[in-house]
Amino acid sequence: MKVGFIGTGSMGSLLIYALIQSGALEPRQIAASNRTPSKVRQLSLRYPGLHESQSNRETVIRSNIIFLCVKPLEFKHVIDDILPVVNPNHIIVSITSPVQLRHLESSLPCKVSKVIPSVTHQVGSGASLCIHGERMTTEDRAVLEGLLSHIGRPYQVDEACTRITSDFSSCGPAFISFFLEQWIESAVKLTGIKRADACALAGEMLLGTGKLLTEGGYTPQELQARVAVPGGITAQALALLKVSLNGVFDSLIQTTHDKYDEDLLKLDELFKTGEINRQQY
């Protein structure tokens with residue numbers, strides 16, 4: 001298997017690291033390209049054997065599966081660039097949530113999927129959201145998800161739920177980290193606990209909580225009931241949180257969806273323009 005990466009920014013480089021670190025791929029199986037060549041050069045020095053492509057087209061030619069790790073509004077330009085060298089057997093994977101399968105399938109002659117990764121793959125954990133196009137066979141899906149299974153849990157979702165599932169799996173680590181950061185800062189300020197101790201305890205708590213929810217059979221509500229004794233300290237603090245956070249998560253979801261819808265409108269216009277131009281010729 002040969003795997004290509006177009007775009008080696010934050011998430012592209014993280015996926016390369018995770019796939020190599022997990023043993024899913026050897027550096028010699030990877031080709032990468034970036035509009036800033038020095039970024040790929042750094043990767044090739046870090047992972048000897050990784051192929052430093054001189055163009056996006058070269059990355060496609062050398063690969064069976066190609067991950068497009070670029071910003072939403074760069075997709076149309078990248079697709080137009082690589083189109084002459086894409087063949088029906090290629091599997092092209094978008095890692096960007098607003099880019100729709102219809103955008104990809106209408107512009108490319110190959111098999112396409114959308115995978116929303118998570119920063120948690122850096123430690124071999126978290127869910128990879130998988131949304132497969134119509135041309136992906138059962139075998140194709142198994143190959144792609146088999147690759148992803150080395151760095152987390154492949155989780156098939158409906159494209160209509162891309163945004164909300166991404167809020168949990170992809171944005172969630174930042175949201176939870178913000179909550180912990182605020183909690184830790186208050187703890188340091190009000191009690192004098194060392195920040196390093198608070199961070200370590202918070203991390204261990206979060207790890208254990210995740211295991212209880214994924215392996216221990218608890219729902220969030222059941223876990224609260226398990227910890228909070230009626231009339232006790234935890235129950236009183238939970239009552240405060242319920243009042244203080246009332247409506248916050250409604251607003252959070254609305255904010256992420258508004259941004260998603262904004263990007264989707266821009267992408268629809270870009271790909272619509274491309275379709276019109278193709279029809280003229």
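Counting from 1, the numbers follow the sequence of the chain as shown.
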Might you confirm whether atom [atom1] of [X] has over 12 heavy atoms from other residues, nucleotides or ligands at distances under 6.0 Å?
| X | atom1 | answer |
| --- | --- | --- |
| Arg141 | CZ | yes |
| His257 | NE2 | yes |
| Gln182 | CD | yes |
| Phe249 | CZ | no |

Would [X] and [Y] show up in the same hydrophobic cluster when neighbours are defined by side-chain heavy atoms closer than 4.5 Å?
| X | Y | answer |
| --- | --- | --- |
| Leu148 | Tyr155 | no |
| Val3 | Ile16 | yes |
| Val60 | Val112 | yes |
| Leu265 | Leu270 | no |
| Leu101 | Ile79 | yes |

Has [X] got a side-chain atom pairing as donor or acceptor with [Y]'s backbone, closer than 3.5 angstrom?
| X | Y | value |
| --- | --- | --- |
| Arg195 | Ala187 | no |
| Glu58 | Gln54 | yes |
| Thr96 | Pro98 | no |
| Glu204 | Leu201 | no |
| His121 | Ser118 | yes |
| His150 | Gly146 | yes |

Side chain to side chain, [X] and [Y], heavy atoms closer than 4.5 Å:
| X | Y | answer |
| --- | --- | --- |
| Leu144 | Ser113 | yes |
| Leu73 | Lys266 | yes |
| Ile233 | Gln236 | no |
| Ile95 | Val70 | no |
| His90 | Asn87 | yes |
| Leu68 | Val78 | yes |
| Ile65 | Phe5 | no |
| Leu252 | Phe175 | yes |

Taking atom types as modelled, find out whether [X] and [Y] have a side-chain donor-acceptor pair closer than 3.5 angstrom.
| X | Y | result |
| --- | --- | --- |
| Asp140 | Thr137 | yes |
| Asp250 | Gln254 | no |
| Arg62 | Ser53 | no |
| Ser44 | His51 | no |
| Thr59 | Ser33 | yes |

[X] [atom1] to [Y] [atom2] distance, which is reported to the nearest 0.5 Å:
| X | Y | atom1 | atom2 | answer |
| --- | --- | --- | --- | --- |
| Ile20 | Ile151 | CD1 | CD1 | 11.5 Å |
| Ile30 | Tyr47 | CD1 | OH | 8.5 Å |
| Leu15 | Cys69 | CG | SG | 5.5 Å |
| Thr256 | Asp167 | OG1 | CG | 3.5 Å |
| Ile176 | Cys171 | CD1 | SG | 12.0 Å |

Leu147 vs Met1, side-chain contact (heavy atoms from CB on, under 4.5 Å): CA-CA, chis, key distance, verdict = CA-CA 10 Å; Leu147 179 66; Met1 181 190 301; 4.2 Å; yes
Minimum-distance pair of heavy atoms, taken over all atoms of [X] and [Y]:
| X | Y | result |
| --- | --- | --- |
| Ser94 | Val99 | OG-CB, 3.9 Å |
| Ala32 | Thr8 | CB-CG2, 3.8 Å |
| Pro109 | Leu83 | CD-CD1, 3.7 Å |
| Thr162 | Tyr260 | CB-OH, 4.1 Å |
| Cys130 | Pro154 | SG-CB, 4.1 Å |

Would you call Arg102-Asp268 a salt bridge at under 4.0 Å N-O?
-> yes
Electrostatic pair Lys189-Glu185, nearest N-O below 4.0 angstrom = no
Audit row: Asn89, Asn64, side-chain contact (heavy atoms from CB on, under 4.5 Å) steps and yes/no | CA-CA 8 Å; Asn89 293 319; Asn64 310 116; over 6 Å; no
State which residues pass side-chain contact (heavy atoms from CB on, under 4.5 Å) with Asp81; sequence neighbours excluded, sorted by chain then number.
-> Asn56, Arg57
Ser128 vs Arg153, side-chain contact (heavy atoms from CB on, under 4.5 Å): CA-CA, chis, key distance, verdict = CA-CA 6 Å; Ser128 298; Arg153 178 189 173 191; over 6 Å; no
Could you label the plane-to-plane angle of the Phe271 and His103 rings as parallel, tilted or perpendicular, counting under 30° as parallel and over 60° as perpendicular?
-> parallel
Can you label the angle between the Phe179 ring and the Trp183 ring as parallel, tilted or perpendicular, going by 30° and 60°?
-> perpendicular
Could you walk me through whether Gln122 and Gln21 pass side chain to side chain donor-acceptor pair (under 3.5 Å), step by step?
-> CA-CA 9 Å; Gln122 185 172 335; Gln21 188 72 13; over 6 Å; no
Dump the intermediate steps for side chain to side chain donor-acceptor pair (under 3.5 Å) on Ser97 and Arg163, then the final yes or no.
-> CA-CA 7 Å; Ser97 63; Arg163 183 60 263 152; 3.3 Å; yes
